[in-house]
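Working notes, beginning with the structure itself.
For ligands, and for the atoms within them, numbers begin at 1 and follow the listed sequence. Owing to the predicted nature of the structure, the values given are computational and were not obtained by experimental measurement.
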Amino acid sequence: MQAITYPIGDSLYLNITNRCTNKCSFCIRNKAKLFNCQHQLWLEKEPTAQEVIEAIGDPNKYDQIVFCGYGEPLIRLEAVKKIAKQLKTRFKIRNSKLEIRLDTNGQANLFWGRNIVPELKGLIDFISISLNTDNPNLYAKICQPHFGQSGYPAIIAFIKECQKYIPKVEVSIVGLSQIDKEACQKIAEQLGIGFRVRPYYEDKYVR
Ligand code: SF4
């Protein structure tokens, strides 16, 4: 059965779409339909916001609820807003550590043709943006964005917008040898935001 939600540690991940504006060479979608040999993340049908809310259950059980999954969550902007709003308003939040995080490739403003970041204000507490490289050429090569060379500068602009509206902002890269970790970390430091290296999990995936 397809997994709309899947727990990792103290976090609950939400899987709302397979769609994405990138075709990253390292994307797990190209490798497997089961995540950690356990969760069937390839969606045959995208869940409605209500189905996601029902699958979450009591949010107080988690420290983070994370929009992530096998695709780009902001392609489903209205669903993200609806789910986050319900989490913020419908439930009595007793866990003071609980935050709503969104993992994104940072191209939502290109996809929607407008600045959508203000719409996330008050709904998303923490945004993690995949920077992936320190330059547009390598980004275009390994992430193959639908938007071509305009993808990378749009991500930098998106990060700066997020700093205005979202309390916690970080960028991440995948720990691959062709990615210059120090140069990416320097970009994060210059922007004054967090930096994280995501593991490259290939061995854990099965077809
Ligand atoms: S941005 Fe994420 S979901 Fe999209 S192709 Fe790259 S790794 Fe996969």
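The Tyr70 neighbourhood of ligand 1 comprises atoms 3 (S), with distances under 4.0 Å to a heavy atom of that residue.
Here the straight-line distance linking atom CZ of Phe111 with atom CD1 of Ile75 works out to 4.5 Å at 0.5 Å rounding.
Asn18 contributes no side-chain N or O that, together with a main-chain N or O of Trp42, makes up a donor-acceptor pair within less than 3.5 Å.
Looking at Asn22 against ligand 1, both its backbone and its side chain come within 4.0 Å, counting heavy atoms.
Ranking the protein heavy atoms by distance from atom 8 (Fe) of ligand 1 puts Cys27 SG, 2.3 Å first. Atom 6 (Fe) of ligand 1 has its closest protein heavy atom at Cys24 SG, 2.3 Å. Of all protein heavy atoms, the one closest to atom 2 (Fe) of ligand 1 is Cys20 SG, 4.6 Å.
Asp103 has no carboxylate O lying under 4.0 Å from a charged side-chain N of Arg198, or vice versa, which leaves the two without a salt bridge.
Minimum heavy-atom separation, Ile179 to Val174: CD1-O, 3.5 Å.
Annotation: Lys81, atom NZ; neighbour count of heavy atoms from other residues, nucleotides and ligands within 6.0 Å is above 12.
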